[in-house]
Amino acid sequence: MTTYNTDQPEQGRLQISVYAGGIGTPATGAVIRVTPKDDDTHIIDEVITDDSGQSSELFLPAPPLEYSMEP
């Protein structure tokens, strides 16, 4: 479920690695939900980690590049 916000054409990429706490082994099948700050009822995207504990790459709305301090 990759979402693209047409109101904000700039995009950023996010990939998450999840490890089991205290053990340090990859967490297979972890559900990752991306939500707006302070609003966990609106899910922007949801992915599940693979055997290496990594999510697929998410494409998320981002501010324009000119707002960055460094590219």
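- Pairing each heavy atom of Gly12 with each of Ala62, the nearest pair is N-CB, 3.7 Å.
- Side chains of Asp50 and Thr28 form no contact here, defined as non-hydrogen atoms less than 4.5 Å apart.
- In this structure the side chain of Ile48 never reaches within 4.5 angstrom of the side chain of Ile32, judged on heavy atoms.
- In terms of modelled atom types and a separation under 3.5 Å, the side chain of Thr49 and the main chain of Ser55 share no donor-acceptor contact.
- Other residues, nucleotides and ligands place no more than 12 heavy atoms under 6.0 Å from the CG atom of Asp51.
- When all heavy atoms of Pro26 and Gly53 are compared, the closest pair comes out as CB-N, 3.7 Å.
- Separating the CG atom in Asp45 from the OG1 atom in Thr35 is a distance of 11.5 Å, to the nearest 0.5 Å.
- Separation of atoms CD (Glu10) and CG (Leu60) is listed at 13.5 Å; rounding is to 0.5 Å.
- Interatomic distance, CD of Gln15 versus CD of Glu57, reported as 6.0 Å (0.5 Å rounding).
- Distance check: Leu58 CG to Glu46 CD gives 10.5 Å after rounding to the nearest 0.5 Å.
- Gln54 and Ser17 share a donor-acceptor pair across their side chains, judged by distance under 3.5 Å alone.
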